[in-house]
Amino acid sequence: MILVWRCHWILVLIFTSLSLIVECTYFSSVLFKVDQGGWVPLAIAGAFLIIMSVWHYGTVKRYEFEMHSKVSMAWILGLGPSLGLVRVPGIGLVYTELASGVPHIFSHFITNLPAIHSVVVFVCVKYLPVYTVPEEERFLVKRIGPKNFHIFRCVARYGYKDLHKKDDDFERKLFENLFTFVRLESMMEGCSDSDEYSLYGQQIEHPRDGLLHNNGSTVSSNMDLTMSSVDSIVPVRSPHDMNITIRSSGQTSNQTEVDELEFLNSCRDAGVVHILGNTVVRARRESRFYKKIAVDYIYAFLRKICRENSVIFNVPHESLLNVGQIFYV
C-alpha cells in the first residue's frame, strides 16, 4: 500500500489493525474448539503454509543461483567476435529472469554445444506491480558488447492486468522494437559524428547551460561563442567542407544501419529458436532429512504440476530448446 499505491502510513496502520482484529477473532475461536473439529481448518492452513514456504524457499534459492552464477561481460568480450563458437544462421531468444548480466544458462549451453545463432537476444519478462504498461513502453532494448557480436537484451514489462499474447504477436513486437533500436542507435551515432568532426575537426565540449534555457536562441549564441573562441586555434571548415563531412558521415551510418537491418532480417528468415532454462533444485547429500523432503519431493512435485515457461510464453514446440542444469542447495 505504501510503495505501490502511495497510501499514507496512517491509512495502512488502520487497515492492518482492522485485518488483525478479524483474523485474531477467527483464530481464537478455532483454538477454543480444537477438540470439536477446530483442528481441521488449522491442519488445512498449516498444509498451505508449508507449501507456500517450500515454494518460496526453492524459488528464492533458484533466483540467487542465477544471480551469483551469471557471466561477466569480460568473459563474453574475451571470446572474440565469433564468441569462440560456430555462428549458425538464425536468431536465438534466450529467456532469463535477469535484467542485467549474461545468464549462466548461456555459458552452460555454449560449453556443452559450441555453436550459437548469429543473433542472440536475452529476453527478460518482468511483471510489474502496476495495472498496465503502455504498448510503447513495454519493451526496453539495449546492445551487449560490440556491434559485430550481434547480442542484445530485451526486457518485456507487463502489468498485472496485461495478458501475454500468443508467440507470433510477441515475436513481431519484439523484432519491431529491435529494429527501431538499431535505427535510433545509428541516428545517434550519425549525429555524434557530425558534431565531433564536421564543425571543428576535434571533439569540443559545448556549454550545457544553453541547452537548458530558451532552446534555439541560446544554443545558437553558445555555438557562435564556441566558434569564435576556437577560430583562433583550429580553423573552421568552410560550409562546403562541412556539408561534405556531414553527408559522408550520414551515408556511412545509414549504410551501417541498412547492413545490420538486412542481416537481422536474413537471420529472422532463417529461423527463430526459443532457448529456455530448466534449473533443477536438489538438496545436498549432507542436508537434513526435512530439507531433503522439502526440496527433493515437495518442491519438485510443485514444479512438476505447475505450468512450464514454454506454456506461459506460448512457445511452439518445433522452435523450443530446453537447457537443463542442476543446482544443489
Side-chain angles (χ1 to χ4, degrees), residues 83 87-103 105-106 109 115-190 253-278 307-323:
L83 300 181
R87 304 299 293 269
V88 297
I91 298 179
L93 301 181
V94 183
Y95 289 84
T96 175
E97 296 182 2
L98 302 179
S100 62
V102 180
I105 177 181
F106 183 73
F109 174 76
I116 197 65
H117 298 85
S118 299
V119 178
V120 178
V121 182
F122 296 110
V123 181
C124 176
V125 179
K126 290 294 183 181
Y127 293 93
L128 306 181
V130 295
Y131 180 78
T132 182
V133 177
E135 288 291 338
E136 60 273 10
E137 301 178 3
R138 176 146 315 198
F139 293 92
L140 300 177
V141 182
K142 66 175 294 185
R143 187 186 298 273
I144 300 179
K147 280 189 174 183
N148 53 358
F149 280 23
H150 301 294
I151 301 179
F152 302 89
R153 182 188 310 282
C154 178
V155 179
R157 303 179 299 177
Y158 291 87
Y160 53 81
K161 195 66 176 179
D162 295 327
L163 297 177
H164 188 91
K165 301 298 179 60
K166 63 179 182 178
D167 181 68
D168 295 338
D169 188 61
F170 178 78
E171 275 190 19
R172 179 181 59 80
K173 293 181 179 179
L174 189 149
F175 289 128
E176 285 179 357
N177 284 268
L178 181 61
F179 294 156
T180 303
F181 168 79
V182 173
R183 296 189 185 97
L184 292 177
E185 186 185 42
S186 178
M187 290 173 60
M188 293 177 64
E189 289 179 353
S253 60
N254 289 337
Q255 185 62 36
T256 305
E257 172 193 344
V258 172
D259 293 341
E260 187 165 14
L261 291 178
E262 291 179 353
F263 179 77
L264 292 175
N265 277 319
S266 63
C267 292
R268 182 182 181 182
D269 296 337
V272 180
V273 177
H274 301 257
I275 304 175
L276 299 180
N278 186 16
R307 293 190 304 169
E308 296 182 353
N309 289 333
S310 59
V311 179
I312 298 176
F313 297 141
N314 298 308
V315 178
H317 292 285
E318 59 272 10
S319 60
L320 173 64
L321 180 61
N322 263 316
V323 181

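Numbers here are sequence positions counted from 1.
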Of all heavy-atom pairs between S118 and C267, which one has the smallest distance, and what is that distance? CB-SG, 3.7 Å
Sequence neighbours excluded, the answer for side chain to side chain donor-acceptor pair (under 3.5 Å) partners of R143 is E185, E260
Residue pair R153 / V102: nearest heavy atoms and the distance that separates them: NH2-N, 4.2 Å
So, taking the atom named NE2 in H117 and the one named CD1 in I275, what distance separates them when rounded to the nearest 0.5 Å? 6.0 Å
Given the rule in the side chain to side chain contact (heavy atoms under 4.5 Å, CB included) test, do V94 and F122 qualify, once you have shown the distances and angles that lead to the verdict? CA-CA 5 Å; V94 183; F122 296 110; 3.7 Å; yes
Aromatic ring pairing F170/F139, orientation class (parallel under 30°, perpendicular over 60°, tilted between): tilted
Whether the side chain of K126 engages the backbone of E97 through a donor-acceptor N/O pair (distance < 3.5 Å, no angle test) should be reported. yes
Not counting sequence neighbours, which residues clear salt bridge (charged side-chain N to carboxylate O under 4.0 Å, His left out) with R268? List them please. none
Rounded to the nearest 0.5 Å, what separation is found between the CD1 atom of I91 and the CG atom of D269? 8.5 Å
Contacts table for residues 174-182: side-chain donor-acceptor under 3.5 angstrom, sequence neighbours left out:
{"residue": "E176", "atom": "OE2", "partner": "R172", "partner atom": "NH1", "Å": "3.1"}
{"residue": "N177", "atom": "ND2", "partner": "K173", "partner atom": "O", "Å": "2.6"}
{"residue": "T180", "atom": "OG1", "partner": "E176", "partner atom": "O", "Å": "2.8"}

Check V119 against R87 and note the closest heavy-atom contact, atom names and distance. N-NH2, 4.0 Å
What is the distance from atom CD1 of I105 to atom CG of N322, rounded to the nearest 0.5 Å? 8.0 Å
Could you report the tightest heavy-atom contact between V133 and G159, atom names first, then the distance? CG2-N, 3.7 Å
Indicate yes or no for a side-chain donor-acceptor contact from S319 to the backbone of V273 under 3.5 Å, with no hydrogens or angles considered. no
Side chain to side chain contact (heavy atoms under 4.5 Å, CB included) between F106 and I116: does it pass, once the steps are laid out? CA-CA 10 Å; F106 183 73; I116 197 65; 4.0 Å; yes
Spacing of S186 atom OG and K147 atom NZ [to the nearest 0.5 Å]: 6.0 Å
Taking the side chain as C-beta and beyond, is there a heavy-atom pair between F149 and I144 under 4.5 Å? no
First locate atom CZ of R157, then atom CG of L128, and finally report the distance between them rounded to the nearest 0.5 Å. 6.5 Å
Sequence neighbours excluded, which residues qualify as ring-ring contact (aromatic ring centres under 6.0 Å, His included) partners of H150? F263
Partners meeting side chain to side chain contact (heavy atoms under 4.5 Å, CB included) with P134 (sequence neighbours left out): E136, E137
Run the side chain to side chain contact (heavy atoms under 4.5 Å, CB included) test against Y160 and tell me which residues pass, sequence neighbours left out. Y131
